[in-house]
Structure formats: C-alpha cells, structure tokens
Amino acid sequence: MCGIVGYVGKQKAASILIEGLKRLEYRGYDSAGIAVLQGARIDVAKKTGRVDVLAKSATRRRFTGATGIGHTRWATHGGVTDANAHPHLSSDGKFALIHNGVIENHAGMKKFLLEKGYTFASETDTEALVNLVAYHYEKEPVTDGKSRFLESVRRALMHVEGTYGIAILCTDCPGEIVAARKASPLVLGVGDQEYILASDVAALVSRTQNVVYLKDGELLHLTPANFSIITQDEEDVSPVVDRITWNIADAELGGYRCFMEKEIFEQPAALENAMRGRFAEDGSTALFGGLNLTPAELRQIGHLVFLGCGTAWHACLVAEHLIERFARVPVEVDYASEFRYRNTPLDRDTLFFVMSQSGETIDTLGALREARRKGFKVLAINNTVGSSIARESDGGIYQHVGPEIGVASTKAFTSQLLIAALVALHIARMRDMSFNDGVEYVKAVKSAPALVHRVLEQAPRIREIAKRHAHYKDMLFLGRLSLFPIALEGALKLKEISYIHAEGYPAAEMKHGPIALVSPECPAVFFAPKGEIFNKLVSSIQEIKARHGKTIVITTEGCELPPGVADELILLPDCHEAVLPIVATIPVQLLSYYIALERGCDVDKPRNLAKSVTVE
Ligand code: M6R
C-alpha cells in the first residue's frame with residue numbers, strides 16, 4: 001500500500017531512490033515519483049505507471065542532489081494520474097512530501113488551507129498535509145534551538161486523523177529529511193556515511209543491514225551528520241539499532257521468471273527454515289521461544305481465536321482444523337476486519353493468535369489492538385521481524401521464510417500452515433496426545449519439505465493442464481475438512497493473478513447451490529485425498545460428471561478413482577493429516593501461476609492489488 005524511500009548521504013540520491021522504489025514496487029504500482037533537493041530547489045519527477053517508466057524519464061533529467069525522497073503509489077484518494085502521483089509540493093514550493101496511509105480529515109484541512117490562500121494541484125489527501133506543514137512553518141516562531149523544519153511537521157501532525165508514513169524535504173534545510181509514522185511502517189537504514197529510509201527493509205538491504213524501526217507516533221530527523229528521534233510529545237527517543245538477517249539475494253530473482261515462481265519453488269527450503277530449532281529433544285513435540293506463556297498458562301486456555309485477512313485467514317482456518325482435531329481445544333476463526341468492529345462476546349480464558357505475513361495489515365493490527373484493549377493476550381504468527389504486529393503482540397512465532405515479494409502469497413502461506421501444525425502439536429502434547437503419537441507427528445512435519453519437493457516435480461504436467469484451462473472464465477475449487485481452506489486459497493490465487501472468476505466451496509455444500517454453475521464451461525478443481533470420506537468425495541465428483549462438468553482431481557497416490565471421473569489428475573504423496581494442507585496447496589499454486597502465465601498476466605503485480613494492505 002504505497003512504498004516510500006528517502007536518502008541522505010554523499011551519493012547522487014536519484015538512482016538510489018529508484019533502486020529502492022523498484023524493490024518496493026510490490027507495495028503499489030499505480031505511479032512512481034522522486035523529489036531531490038538541488039541546492040535551494042526541489043526537483044520532482046513523477047509518472048503514472050511502473051518505476052521503469054519513472055526511471056526513463058528521470059535519466060533524461062539532471063538529478064545531482066544527494067538528498068531525496070521517492071514513492072510508489074497504490075491509489076486511494078484521487079485517480080491514477082501524474083498530478084496525483086507523489087511527491088507532492090506545498091503551494092509555495094518549499095516542501096515536498098511522500099505519504100503511505102490515509103489522512104481521514106483531509107477535507108477539513110483543505111478547506112482551512114484554501115481560506116488561507118494555499119493552492120492545490122491534485123485530488124489527494126496528502127497535498128493537504130504538505131500544505132499544513134508549510135502553514136505551520138510560516139506561522140509559528142520556533143524557539144529553544146529547535147529545528148523549525150521538524151517542529152512544523154510535529155505541529156502539523158497534531159491535527160491529523162488517520163494513518164501515515166511520511167518523509168519530507170524542505171528547501172531551507174539542505175541534507176535533511178523529516179519523517180514520521182502512525183500505523184504505516186518506516187525503517188531507517190544506518191549506512192556508511194548515509195541513511196536510507198524505507199517502508200520496509202527490501203529497499204535498503206543492498207546498502208546496509210543495520211536498521212532502526214520507527215514506532216507509531218515517532219518523528220525522525222535526518223541530517224548529513226546524524227539522526228535523532230522524538231515522540232509527538234517531544235520526548236527524546238534512544239534509538240535501538242537492529243541487524244537484519246535478510247540479504248540482497250533474498251530480494252532478487254536469481255534466474256526465476258518472477259518472484260511468485262521463485263517463492264513457489266523455494267518452499268521446501270522455506271519450510272525447513274520455518275521448522276528449524278522448533279522440536280524438543282525427545283522428538284515428540286514442538287518448542288517455541290517467543291510465546292511468553294508458561295506451560296501451565298497454555299494448559300488453562302479454554303478457547304483460541306485466530307484472526308487474519310486473505311490468504312492468512314485461510315491459514316487460520318487450517319489452524320482451526322488441526323488444533324481442534326489434535327489438541328481438542330475449541331477454535332474460532334474470524335476475519336480481522338470483521339472482528340475489530342463486531343464486539344464478539346468472549347470467554348475470559350481465550351487466547352488470540354493473529355496471522356500476518358507482512359505484520360502491517362491494518363485490519364489485523366486493528367483486531368490485535370482491539371483484543372489487547374479488552375485485556376486478552378495476543379500472539380502473532382508473522383514473517384516480518386520488527387513489524388507493527390510483531391512489536392505490539394504479547395509474543396509469537398516468526399515464520400522465518402525471508403521476504404515474500406510476489407503479491408500472491410505462497411511460501412508465507414505454507415509456512416503459516418506448518419507453524420499451525422506445530423502449534424496444534426505443542427498444545428496437544430500438553431493435553432491428551434501420547435508420546436508415540438507425538439513422535440509420529442514430528443516425523444510427519446519433518447517430512448513436509450521432501451513431500452513438497454515431490455509435488456513440485458510435477459510442475460511440467462501441471463503446466464500442461466494449465467494450458468488446457470487458461471481460456472475458461474469461471475472455475476470451482478472444492479474440498480472438505482482441512483482442504484476446504486485450501487480450496488478457498490486455490491480460488492483466491494487464481495482470481496488474483498489470472499483474473500478468472502473462481503469460487504472455493506466445501507465440496508459437500510456444492511449440491512446446495514453452486515452445482516447450478518456446473519457446466520462444460522466451468523471446470524472444478526476437486527481435492528479428493530485418501531481418508532475416511534474418500535468415497536463421499538468421489539460421489540460429489542460424480543455429481544459433477546453427471547452434469548457434464550470438467551474435473552481436475554487432486555488425489556493421493558494409490559487411490560483408485562472410478563473410470564471417467566477425472567478429466568485431469570494430479571497425485572499427492574501419501575502423508576499425515578498434519579501436513580496434508582501444505583502438500584495439497586502446491587498443485588493449486590502451480591495451476592494458478594501457469595494459467596496466469598498463459599494469459600500473459602503480470603503475476604507479481606496483479607491489477608488493483610498491493611502486497612501489504614495498510615489502509616482499511
Ligand atoms: O501480510 P498479511 O499476511 O497480513 O496479508 C494478508 C492479505 O492481504 C494477503 O494474504 C493477500 O490476501 C494476498 N495477496 C493473497 O495472496
């Protein structure tokens with residue numbers, strides 16, 4: 001949801017900003033722009049379209065300054081136009097500002113500023129803020145040796161309702177940037193005689209691994225020689241410099257066609273990373289360092305609530321299935337966006353988990369805050385060290401799968417499923433699961449990377465199936481029990497990257513409505529793994545065949561299907577229930593990916609989407 005980047009140092013800022021924007025492009029790609037301080041002037045280049053379009057136009061311009069800011073936009077207020085692209089200048093030209101978030105009270109602000117004679121060139125909420133900074137700069141004297149630039153930003157922000165990650169230049173302050181955040185991420189890279197500011201570490205990891213994560217309500221002041229952080233109430237903050245473990249190779253394609261492809265194929269290694277160091281020495285249970293709960297506290301839990309959005313919500317549904325099945329604890333799953341406003345009645349012995357790859361999804365963060373406000377403990381399953389959700393939760397489990405850059409979530413999802421399986425085991429072993437069952441379960445989880453690798457070997461066959469199905473306009477994804485969420489995930493993957501309309505449904509519910517859609521023009525992807533209800537699943541597939549529907553059946557090696565039931569067949573290796581959802585996800589990821597490729601879609605940057613959704 002918009003990527004922002006800033007640079008103060010000794011190099012030419014423009015090329016560093018553009019490189020940073022390329023790495024942040026997954027956050028939004030409606031338009032891109034940079035502003036560079038050149039002496040006492042701010043020069044701006046901004047264009048609708050991808051960062052490459054901006055890069056071409058910027059190279060024709062002479063950007064020589066060593067201080068600048070850049071932005072890649074996911075449009076909220078105002079259409080996708082050059083005028084609405086960031087950076088935005090104050091009407092006196094003294095300030096340039098980039099913004100990730102939403103200024104909710106921008107209309108009132110704009111009215112006030114128009115009356116004061118400020119002018120506006122865009123339809124954005126952001127332009128109100130840059131003019132408000134200019135207004136405070138002109139209006140109020142600054143005493144006590146304070147920076148007038150920093151102080152006018154601080155005063156302007158006191159009037160803002162909404163969310164922001166911002167960075168600002170001022171023509172009176174060469175070599176300086178003021179930045180601030182509220183509910184939109186900002187991280188400062190502390191390099192060798194330079195600072196790089198960004199929405200996330202992907203944009204700065206090529207220049208430094210030393211970072212400072214800004215917290216909500218903090219303002220950062222960068223000068224060529226130093227940086228300082230204060231709170232909105234003017235208290236000095238002692239910055240903590242963290243060292244990030246991601247490296248530049250994590251954020252590069254390394255020979256793959258796109259990040260989604262890379263992230264699908266690196267899942268065996270990602271799963272190894274997600275489980276590393278998480279097994280007890282006796283081989284019968286899982287261990288987590290960051291739960292911050294004693295075994296006695298965990299045993300006393302009466303209910304669990306899992307919250308997330310999109311793909312993470314599907315992972316929550318799998319967690320519900322595995323925890324109820326193996327640990328016998330009742331689990332509720334809710335969309336984070338619904339939970340935060342629903343005011344659900346909750347038992348006091350409830351423990352919350354939020355699930356979020358980015359750790360910045362505003363709905364999930366809002367739900368976390370709401371649960372904590374009511375006095376509940378909230379644990380996070382999260383992939384991004386230092387993210388807002390990681391910082392604000394009471395404890396949690398990192399996914400440790402490295403940056404996920406493709407907008408369509410793949411390796412983050414399967415690692416969430418793996419962690420859900422480990423959480424189920426951890427709780428189950430504190431309750432009724434026997435040592436021997438625990439040992440068998442651990443072996444199953446450890447086999448997940450190899451099993452996923454075996455499914456990935458079927459990629460060429462799945463690509464052929466994709467070629468035969470790329471022209472359809474509608475598809476159904478059907479599954480039961482722990483594979484119902486995987487059916488939902490298959491449908492979401494297909495619609496988000498190929499724009500084919502797809503529905504995920506519990507297979508047995510099909511006859512209560514969606515069967516009306518079945519026709520030769522609407523193929524059904526059907527999960528029918530080995531298990532107690534295999535025969536019932538086969539009956540459901542036969543109901544589709546009886547209505548001339550086409551089927552892609554995903555079943556277990558060795559399962560016998562009646563002749564003519566599967567138009568296309570994909571085989572899963574036989575596996576334990578705890579890892580079945582992980583293994584079954586791979587074919588639908590590959591199918592969606594190859595269908596999108598056949599249709600010529602931009603897989604990593606699907607239309608209208610952004611990787612982390614930091615607006616409501
Ligand atoms: O970063 P999060 O896990 O909180 O993101 C949640 C969803 O926005 C995300 O999973 C989205 O649904 C993906 N684009 C799906 O591929």
Side-chain angles (χ1 to χ4, degrees), residues 1-3 26-29 74 183-185 199-200 202 258-261 263-264 267 270 274 306-319 333-340 353-369 378 380-390 392-393 396-399 401-417 419-420 477 485-486 488-499 502 504 585 588-593 596 601-616:
M1 246 5 46
C2 300
Y26 68 88
R27 299 179 68 88
Y29 28 85
W74 188 84
S184 297
S199 299
D200 79 46
C258 62
F259 282 104
M260 184 181 180
E261 184 183 63
E263 288 157 6
I264 289 175
Q267 285 177 108
F306 274 75
L307 305 171
C309 299
T311 285
W313 180 74
H314 299 155
C316 293
L317 293 175
V318 173
V333 175
D334 206 349
Y335 288 109
S337 52
E338 292 293 305
F339 172 83
R340 60 186 296 200
F353 275 89
V354 291
M355 194 93 89
S356 174
Q357 187 285 129
S358 62
E360 300 295 347
T361 301
I362 199 80
D363 286 323
T364 312
L365 186 58
L368 176 157
R369 288 175 177 163
V378 183
I381 297 174
N382 168 230
N383 190 36
T384 313
V385 176
S387 64
S388 303
I389 286 176
E392 293 194 27
S393 53
I397 306 167
Y398 280 119
Q399 295 169 230
V401 296
E404 185 180 71
I405 293 172
V407 166
S409 187
T410 52
K411 65 175 180 176
F413 178 62
T414 47
S415 67
Q416 286 165 346
L417 302 187
I419 288 166
F477 286 74
I486 308 307
L488 293 175
E489 175 62 7
L492 176 65
K493 281 298 81 102
L494 187 70
K495 56 190 150 194
E496 75 179 328
I497 59 169
S498 75
Y499 318 134
T585 298
V588 289
Q589 290 175 343
L590 288 170
L591 191 66
S592 309
Y593 169 58
C601 299
D602 186 343
V603 171
D604 278 345
K605 299 187 187 72
R607 72 182 177 211
N608 305 339
L609 296 181
K611 180 68 180 164
S612 82
V613 182
T614 54
V615 294
E616 271 199 76

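We count ligands from 1, going down the list as the structure has it; atoms in each ligand are counted the same way.
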Asks: Looking only at N/O atoms, are Q416 and ligand 1 under 3.5 Å apart anywhere?
Replies: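 No, Q416 has no N/O under 3.5 Å of an N/O on ligand 1.
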
Asks: Quick check on contacts: which atoms of ligand 1 are under 4.0 angstrom from a heavy atom of S409?
Replies: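 Here the atoms of ligand 1 in question are 15 (C), 16 (O).
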
Asks: Identify the protein heavy atom lying closest to atom 8 (O) of ligand 1, giving its residue, its atom name and the separation to 0.1 Å.
Replies: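 Sorting protein heavy atoms by distance from atom 8 (O) of ligand 1 puts V613 CG2, 4.1 Å first.
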
Asks: For a 4.5 angstrom cut-off between non-hydrogen side-chain atoms, does L365 reach E392?
Replies: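 A side-chain contact under 4.5 Å exists here.
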
Asks: For the CZ atom of F259 and the NZ atom of K605, what is their distance to the nearest 0.5 Å?
Replies: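 These two atoms lie 8.0 Å from each other.
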
Asks: Within a distance under 4.0 Å of any heavy atom of E496, pick out the atoms of ligand 1 and give their elements.
Replies: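 That gives atoms 13 (C), 14 (N), 15 (C), 16 (O) of ligand 1.
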
Asks: Does any N or O atom in V407 lie less than 3.5 angstrom from one in ligand 1, N or O only?
Replies: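 Yes; the residue has a nitrogen or oxygen that sits under 3.5 Å from a nitrogen or oxygen of the ligand.
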
Asks: Cut-off 3.5 Å, side chains only: do T384 and D200 have a donor facing an acceptor?
Replies: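 Side-chain D/A pair, T384 to D200: absent.
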
Asks: Closest non-hydrogen protein atom to atom 3 (O) of ligand 1, residue and atom name please, with distance?
Replies: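 Protein heavy atom at minimum distance: Q357 N, 2.7 Å.
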
Asks: Is the shortest heavy-atom distance from the side chain of Y398 to the side chain of N382 under 4.5 Å?
Replies: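 They are in contact (side-chain heavy atoms under 4.5 Å apart), so the answer is yes.
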
Asks: State the atoms of ligand 1, each with its element, that fall below the 4.0 Å cut-off from a heavy-atom position in G310.
Replies: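 The list of qualifying atoms is 12 (O).
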
Asks: So how far is it from C316 SG to I381 CD1, rounded to the nearest 0.5 Å?
Replies: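 Taking SG in C316 and CD1 in I381, the distance rounds to 7.5 Å.
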
Asks: Do you know which two heavy atoms are closest between S409 and E496, and how far apart they sit?
Replies: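 What the structure gives for the nearest pair is N-OE2, 4.3 Å.
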
Asks: How are the rings of H314 and F413 set to each other: parallel, tilted or perpendicular (split at 30° and 60°)?
Replies: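 The arrangement is perpendicular - the two ring planes meet at more than 60°.
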
Asks: For atom 7 (C) of ligand 1, what's the nearest protein heavy-atom neighbour? Residue, atom name and distance, please.
Replies: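 For atom 7 (C) of ligand 1, the nearest protein heavy atom is C309 O, 3.5 Å.
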
Asks: Counting heavy atoms only, which part of E360 comes closer than 4.0 Å to ligand 1: side chain, backbone, both or neither?
Replies: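 For E360, no heavy atom sits under 4.0 Å from ligand 1.
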
Asks: Do me a favour and list the nearest non-hydrogen protein atom to atom 9 (C) of ligand 1 with residue, atom name and distance?
Replies: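 It is T311 N, 4.1 Å.
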
Asks: Within the structure provided, determine whether C258 and Y593 are in side-chain contact (heavy-atom separation under 4.5 Å).
Replies: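 C258 vs Y593: side chains touch.
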
Asks: Regarding Q267 and T414, do their side chains bring together a donor and an acceptor under 3.5 Å, going by distance alone?
Replies: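 Yes.
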
Asks: Need the ligand 1 atom indices (1-based, order shown) with element for anything under 4.0 Å from a heavy-atom of K493.
Replies: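 Atoms satisfying the 4.0 Å criterion: 15 (C), 16 (O).
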
Asks: For the residue pair N383 and G402, what are the closest heavy atoms and their distance?
Replies: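 Between these two residues, the closest heavy atoms are ND2-O, 2.9 Å.
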
Asks: Report, in ascending order of atom number, the atoms of ligand 1 lying under 4.0 Å from any heavy atom of A312.
Replies: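 Numbered from 1, ligand 1 contributes 3 (O), 10 (O).
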
Asks: Please determine if T361 has a nitrogen or oxygen closer than 3.5 Å to a nitrogen or oxygen of ligand 1.
Replies: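 N/O-N/O distance under 3.5 Å: yes.
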
Asks: When you measure from atom 1 (O) of ligand 1 to every protein heavy atom, which one gives the shortest distance, and what is it?
Replies: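 Minimum-distance protein heavy atom for atom 1 (O) of ligand 1 reads S358 OG, 2.6 Å.
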
Asks: For ligand 1, which atoms sit closer than 4.0 Å to a heavy atom of A408?
Replies: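 Answer for ligand 1: 16 (O).
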
